[in-house]
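Scroll down for the structure; my scribbles are underneath it.
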Amino acid sequence: MTGSTHTVTNQTPPLVGYDVFTADRALAAAVERHLAPDLAEEARAELSGLGRSCGSAQAQEWGAQANANPPVLRTHDRYGNRLDEVDFHPAWHRLLGKGVAAGLTAAWSRPGGHVRRAAAFLMWTQVEAGNGCPLSMTHAAVPALRADPALAAEWEPRLTSTIYDRELRPAHLKAGVLFGMGMTEKQGGSDVRANTTAARPLAEEGAYELTGHKWFCSAPMSDAFLVLAQAPAGLTCFLVPRVLADGTRNVFLIQRLKDKLGNRSNASAEVEFAGTWARRVGEEGQGVRVIIGMVAATRLDCVLGSAGLMRQAVAQAVHHAAYREVFGAKLVDQPLMRNVLADLAVESEAATTLALRLAAAYDDGGDAERAFLRIAVPAAKYWVTKRCAPVAVEAAECLGGNGYVEESGMPRLVRESPLNSIWEGAGNVQALDVLRALQREPAALDAYLTEVGRARGADHRLDAAIRDLLTELADLAHAEARARRLTERLALVLQGALLVRHAPPEVADAFCAARLGGDGGAAFGTLPATLDLASVVERARPVA
């Protein structure tokens, strides 16, 4: 009799043992849409294989272990010698190795590489977001290094390798490397022109000695870093290797690791340079121009990462509701819960659709697409990353008290959800970047309007939103105070245009009604009851 009260009933089984790629209909459709037929077939097989890995019990266990066992800094050995090393749990290395092997740093070296990588990155984020940081920075270092053809020729094959080599050795002895980045300093934050780290030229051509600090340096165990420092001619970009060509350690003093809200598996450090050897990337005084390619790529990864977190949160919520019975019926069949789930699903699909459209623009590489990205990337970074936190919190609420318990995995999603909005330039930085593009780069606005114009006439609410946006764009002289509002509208109109063209009618209808037509409330679960919400929820359901 003692154990009779402990019979477990009406509990949802874990979402495990499924293909994360094929179960995400919006993602699979976007890959199909943006790749040529021959590439799409190959990509489907590749991404489905990764999707099965993402949905496996093994990968999910690695993610939980890496998050539960944060990295540990070792500044000195037992004899007092400087080490400046960070120890990670074995699960971290398994995840990072799998991410590298899956091509998450190899987009630049194959056709359709950005779309394929974007889909993979969006999925891999759902396993454990922390290891996405070194993968993202390694991927994003390529366009910055291309400012120096000789450096690019030397480093790019290592950056785009699918081999993970965790040992600290000279880069020329490794088949694959990882990169980090150091821009912000304690006195400047986003104002990198206020950086005080000094770069003194050495006798060797292109070589410098750095003295200073970095307030945020992510993945400090990477093989090399791109950093900004003040050279004689101004702010300049430099490559700082962890190990020099002769095998000696470069001066890279890790002062402490940050104790962060989320992203616990990834190390973020404060580092000091004291006579640190560096190689100039590009010309002196052109540091911002050189590193902006890296920043743009990491900002797109912020969009992808947030889209991945949203997708996992929605998948967990819909999965739970499909099994859980309350008041004599499945939660998923109850009208109010269905409304909440549909609203979350629409937000997730809008984020995924926009993120893959940006990746496709990178693959295209033409002038018009580059101009489009100039507005679309910071606008998407602003809006999609800000929507991530409320989606994660609402999805956790769908699980009730179970969603507040660590074992559900939802608290990890909630803690991670604000990160992408803060990193790589917070909201105001993105909104001001959009405003600068609108004021100074007419081709960028033309490319944006051409993109949204392709959907004109398909939905009256979208047409009205485009007209209202054009009215707002007519006065940019004193727009700084409303830059956030304007950036939000740019992102919403773009998402609406993409969904009207590519999503099922029920998804596009719900988005346009609530996000553009004003027929929705401030909280999730306030969609018009006349919509086909059951179809929207079923489309979002991850079939295990």
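Computation of the quantities below employed the complete heavy-atom set of this structure, encompassing side-chain atoms and omitting hydrogens, waters and symmetry-equivalent molecules.
Checked by atom type and distance alone, the side chain of T105 pairs as donor or acceptor with a backbone atom of L159 at under 3.5 Å. At least one donor-acceptor pair closer than 3.5 Å links the side chain of D246 to the backbone N or O of T248. In this structure, K260 contributes its side chain and N266 its backbone to a donor-acceptor pair below 3.5 Å. For S222 (side chain) and A224 (main-chain N/O), no donor-acceptor pair under 3.5 Å exists by modelled atom type. Under the 3.5 Å distance criterion, the side-chain polar atoms of Q430 are matched with a main-chain donor or acceptor of G425. Between the side chain of R242 and the main chain of P220, a donor-acceptor pair closer than 3.5 Å is present. A donor-acceptor pair under 3.5 Å is formed between the side chain of D223 and the backbone N or O of L178. Side chain of N131 to main chain of E128: a donor-acceptor pair is present (N/O by atom type, distance under 3.5 Å, no hydrogens or angles). A donor-acceptor distance shorter than 3.5 angstrom exists from the side chain of N195 to the backbone of M183, with no hydrogens or angles considered.
Salt bridge R436/E441: absent, no basic N to carboxylate O contact under 4.0 Å. With respect to the salt-bridge test (charged N to carboxylate O, under 4.0 angstrom), the residues R515 and E347 qualify. Taking a cutoff of 4.0 Å between a charged side-chain nitrogen and a carboxylate oxygen, R146 and E156 qualify as a salt bridge. The residues R264 and D259 are annotated as salt-bridged, a charged nitrogen and a carboxylate oxygen being separated by less than 4.0 angstrom. Using a cutoff of 4.0 Å between basic side-chain nitrogens and carboxylate oxygens, R299 and D433 are scored as salt-bridged.
Shown here is K98, whose NZ atom has no more than 12 heavy atoms of other residues, nucleotides or ligands within 6.0 Å. Crowding of R193 atom CZ: a count of heavy atoms from other residues, nucleotides or ligands under 6.0 Å not exceeding 12. Annotation for R485: atom CZ does not count as buried by contact number, only 12 or fewer foreign heavy atoms lying within 6.0 Å. Heavy-atom neighbours of R82 CZ from other residues, nucleotides or ligands within 6.0 Å: above the threshold of 12.
No hydrogens or angles considered: nothing links the side chains of N69 and W92 as a donor-acceptor pair under 3.5 Å. One side chain, Q126 or Q312, offers a donor N or O that lies under 3.5 Å from an acceptor on the other. A side-chain donor-acceptor contact under 3.5 Å links S306 and N420. If you check the side chains of Y208 and R280, you find a donor sitting under 3.5 Å from an acceptor. Between the side chains of T184 and K214, no donor-acceptor pair of N or O atoms lies under 3.5 Å. Side-chain atoms of E185 and T197 include a donor-acceptor pair closer than 3.5 Å.
Side-chain contact between W62 and V127: absent, with no pair of heavy atoms (C-beta onward) separated by less than 4.5 Å. Using a 4.5 Å cut-off on side-chain heavy atoms (C-beta onward), P418 and L261 make contact. The shortest distance between side-chain heavy atoms of L96 and L135 falls below 4.5 Å. With contacts defined as side-chain heavy-atom distances shorter than 4.5 Å, the pair F524/E397 does not qualify. Contact check for W215 versus V271: no side-chain heavy atoms found under the 4.5 Å cut-off.
Relative ring orientation between H139 and W108 is described as parallel, the plane-to-plane angle staying below 30° on a 0-90° scale split at 30° and 60°.
Atom OG1 of residue T276 and atom CZ of residue F238 lie 12.0 Å apart, to the nearest 0.5 angstrom. Note that CE of M221 and CG of L168 are 4.0 Å apart. Values are rounded to the nearest 0.5 Å.
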Go through the steps to decide whether V192 and V288 satisfy the test side-chain contact (heavy atoms from CB on, under 4.5 Å), and finish with yes or no.
CA-CA 8 Å; V192 295; V288 172; 4.1 Å; yes
Kindly determine whether D84 and I254 satisfy side-chain contact (heavy atoms from CB on, under 4.5 Å), including the steps that lead there.
CA-CA 5 Å; D84 297 293; I254 304 176; 4.0 Å; yes
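For residues 413-432, the set of pairs meeting the salt bridge (Lys or Arg N to Asp or Glu O under 4.0 Å) definition, not counting sequence neighbours, comprises E406-R415.
Of all non-hydrogen atoms in A437 and I375, the two that sit nearest each other are CB-CG1, 3.9 Å.
Judged as a side chain to side chain donor-acceptor pair (under 3.5 Å), and not counting sequence neighbours, S161 has no contacts.
Between F179 and F225, the distance from one ring center to the other does not fall under 6.0 angstrom.
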